[in-house]
Protein chains: 2
Amino acid sequence: MPEQEPPPAAPKPRRRQARGERRAAQLLDAAAVVFSRVGYTAASTNAIAREAEVSPGTLYQFFPNKEAIAVELGNRLLEQWRESYGQALSAANLDLPLAELLDAVVDPLLEFNAQNPAFHVLMHGPDAPGQVTAAFEAFHSVVLHRIEEILATYLPEAPKAETTRVTTTTLALFKAGLDLIAAHPDEREEYQEELKKVLFRYLDPMLCEEPPAPGAAAQQPEA
Amino acid sequence: MPEQEPPPAAPKPRRRQARGERRAAQLLDAAAVVFSRVGYTAASTNAIAREAEVSPGTLYQFFPNKEAIAVELGNRLLEQWRESYGQALSAANLDLPLAELLDAVVDPLLEFNAQNPAFHVLMHGPDAPGQVTAAFEAFHSVVLHRIEEILATYLPEAPKAETTRVTTTTLALFKAGLDLIAAHPDEREEYQEELKKVLFRYLDPMLCEEPPAPGAAAQQPEA
DNA sequence: GAAAAACACGAGCGATTGCTCGTGTTTAGC
DNA sequence: GCTAAACACGAGCAATCGCTCGTGTTTTTC
């Protein structure tokens, strides 16, 4: 029988020089450009190599296959996101009023997506490889739980299933805003405001931070 | 110089028999299945032929190329849409209150999309061929203008640019709901309600049909 | 019933893709 | 300075794609 290689052991103890490190980063940059231009499947490895002004053989010295390029690029984008904007969802903003919370969360997220179009392609592209999708799913679920936490403090009486649904909906609305801005780059600010308007009006009636004014009848905590 | 062929003239006066009509429809059905499974680009013509239990050569007896398959399928879907659900946006519903207008418009639209997944793929797929996209854009803009008309009667004082923006946003929200339901088929009804909640809360504060009752802000009459 | 047209087949062409491999150059370690 | 490893090249392989074409069968037309 063929013995199975030990997966945790380093199969390639290849040392990488500074030059190689630069080339790898350069290739990821090129991949981001090509991916955001034509998507994952249509992006040929030769095109990525050409974009990086490098031969196809050189590309495969740093990445075992096309999927690995997407995976590493995805990881790099995820890391950049955490470094730059992860704080937007930190606990610091928990006690803000909703409108300002939305400013604090939505603006930096849109900003990051505007500057890293490959992020959107790899996250929501229909043809991204499974491992990338999985990594983003993990990230997605972290963000989701974070939002769920925040929302839970705003609407403490709702059952958990409903909180989850509200959270999922909120994220879907955000994604819609992303698409909207991508489709209308010249009206970016207007649609950014519109997105926040949507989110505010959707979420505001549900939260009961303080005992609501007795005027309005018990708002719908669902039928 | 090469003379240009007369475009309106029939370049292929080929008569089609009943058998051929059936084959063509069968091929479109197969294409819808394959497209909705893997998207346009990844759908190989050989796979479509195989799905229809037909040889590749036979496929090309009815369609000049892969793009034409998508175009005809797109047209067929568009026509089906108009036949079955076009009335949802007809003038009949103009005087309904917002909540019922949303029911009348959103429900059948979601129903159609649920039963024709290829519709979504061809409409919003990133790799659909130009002519399909164009046809859907035309359809999209018709729907958009229709909604814009309806909205204009609800909010007559807004400047046109804003009305357009609200309309575009509304459609993007609908698309988000579509994705949401596609991602959670087991909670279809819940997310359907959630979508209508989003749309209602977004649109309701803007319309000034009648001088609003001085009491609470117009609540949603839905359960 | 015979000729023509439409339908059906499937091997395979040309182009493109992801990727390899033989070869040569640059750098690190001593 | 010498050796080995890392880096770089680019022609080209195997597989796949959209699509063609020669051939044979069924249907229409007369």
Side-chain angles (χ1 to χ4, degrees), chain A residues 10-31 33-35 37-73 122 125-132, chain B residues 10-31 34-35 37-73 122 125 127-132:
Chain A
K12 296 202 175 182
R14 196 175 194 182
R15 290 188 46 243
R16 185 171 282 182
Q17 324 183 326
R19 183 175 37 151
E21 213 70 50
R22 261 181 285 130
R23 277 270 185 259
Q26 177 185 3
L27 281 164
L28 286 186
D29 290 340
V33 170
V34 178
F35 282 157
R37 196 154 52 206
V38 298
Y40 173 76
T41 309
S44 80
T45 55
N46 288 20
I48 295 175
R50 202 179 316 121
E51 174 77 29
E53 294 178 89
V54 147
S55 89
T58 297
L59 185 152
Y60 282 94
Q61 204 120 67
F62 298 98
F63 303 97
N65 51 50
K66 184 178 168 180
E67 178 171 349
I69 301 175
V71 170
E72 269 202 42
L73 177 59
L122 287 180
D127 52 2
Q131 203 176 141
V132 182
Chain B
K12 297 200 174 184
R14 198 176 193 183
R15 290 185 47 243
R16 185 171 283 184
Q17 325 183 325
R19 182 173 40 150
E21 213 70 49
R22 263 181 283 129
R23 277 269 185 260
Q26 178 184 4
L27 281 164
L28 286 185
D29 289 340
V34 178
F35 283 157
R37 198 153 53 208
V38 298
Y40 173 76
T41 309
S44 79
T45 55
N46 289 20
I48 295 174
R50 202 179 316 119
E51 174 77 28
E53 296 178 89
V54 147
S55 88
T58 297
L59 186 152
Y60 282 94
Q61 204 120 69
F62 298 97
F63 304 96
N65 52 50
K66 184 178 169 180
E67 179 171 347
I69 301 174
V71 170
E72 268 203 41
L73 178 59
L122 287 180
D127 50 3
Q131 202 176 139
V132 182

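Quantities reported herein were computed from a predicted structural model and do not represent experimental measurements. So that the names make sense, note that chain A is the first sequence line, chain B the second, and so on, each numbered from 1. Computation of the quantities below employed the complete heavy-atom set of this structure, encompassing side-chain atoms and omitting hydrogens, waters and symmetry-equivalent molecules.
- The listed nucleotides are C:dC7, D:dC19, D:dT29; the one nearest the side chain of B:Arg15 is D:dT29.
- Under the 4.5 Å side-chain criterion, counting only non-hydrogen atoms from C-beta, A:Ile69 is in contact with A:Leu28.
- In this structure, B:Asn65 atom CG and D:dC17 atom C1' are separated by 14 Å, rounded to whole Å.
- At the heavy-atom level, A:Ala18 lies nowhere under 4.0 Å from the strands shown.
- In this entry the distance linking CD of A:Gln17 with P of D:dA8 reads 8 Å, nearest Å.
- Nearest heavy-atom pair, B:Ala43 versus B:Val34, reported as atom, atom and distance to 0.1 Å: CB-CG1, 3.5 Å.
- Side-chain nitrogen and oxygen atoms of B:Thr58 include at least one within less than 4.0 Å of the OP1 or OP2 phosphate oxygen of C:dC9.
- Note: CZ (A:Arg50) to P (D:dA11) measures 13 Å, nearest angstrom.
- Counting all heavy atoms, side chain and backbone alike, A:Leu73 lies closest to A:Ala31 at CD2-C, 4.2 Å.
- Out of C:dA8, D:dC19, C:dT27, the shortest distance to the side chain of B:Thr45 is found at D:dC19.
- Here ring pair (Phe, Tyr, Trp, His ring centres under 6.0 Å) pairs that include residues 46-65 of chain A, with residues two or more places apart or in two chains, number zero.
- Between B:Phe62 atom CZ and C:dC9 atom P there is a gap of 10 Å when expressed in whole angstrom units.
- We find that CG of A:Leu59 is positioned 14 Å from P of C:dT17, with the value rounded to whole Å.
- Of the two residues near DNA chain D, A:Gly20 and A:Asn46, the one whose nearest nucleotide lies more 5' is A:Gly20.
- Here A:Tyr60 does not reach the OP1 or OP2 of C:dT20: none of its side-chain N or O atoms lies under 4.0 Å away.
- Each of B:Arg19 and B:Ser44 was matched to the nucleotide of DNA chain D holding its nearest heavy atom; the match closer to the 5' end belongs to B:Ser44.
- DNA chain D lies under 4.0 Å from no heavy atom of any residue of residues 23-30 of chain B.
- For the residue pair B:Leu27 and B:Ala52, the shortest heavy atom distance occurs at CD2-CB, 3.7 Å.
- The shortest non-hydrogen separation linking A:Thr45 to A:Leu59 is O-CD1, 3.5 Å.
- For residues 45-68 of chain A, the set of pairs meeting the salt bridge (charged side-chain N to carboxylate O under 4.0 Å, His left out) definition, not counting sequence neighbours, comprises A:Arg37-A:Glu51.
- Mapping B:Arg16 and B:Pro56 onto DNA chain C by nearest heavy atom places B:Arg16 closer to the 5' end of the strand.
- Counting any heavy atom pair closer than 4.0 Å across all strands shown, A:Ala43 reaches sugar-phosphate atoms only and no base atom.
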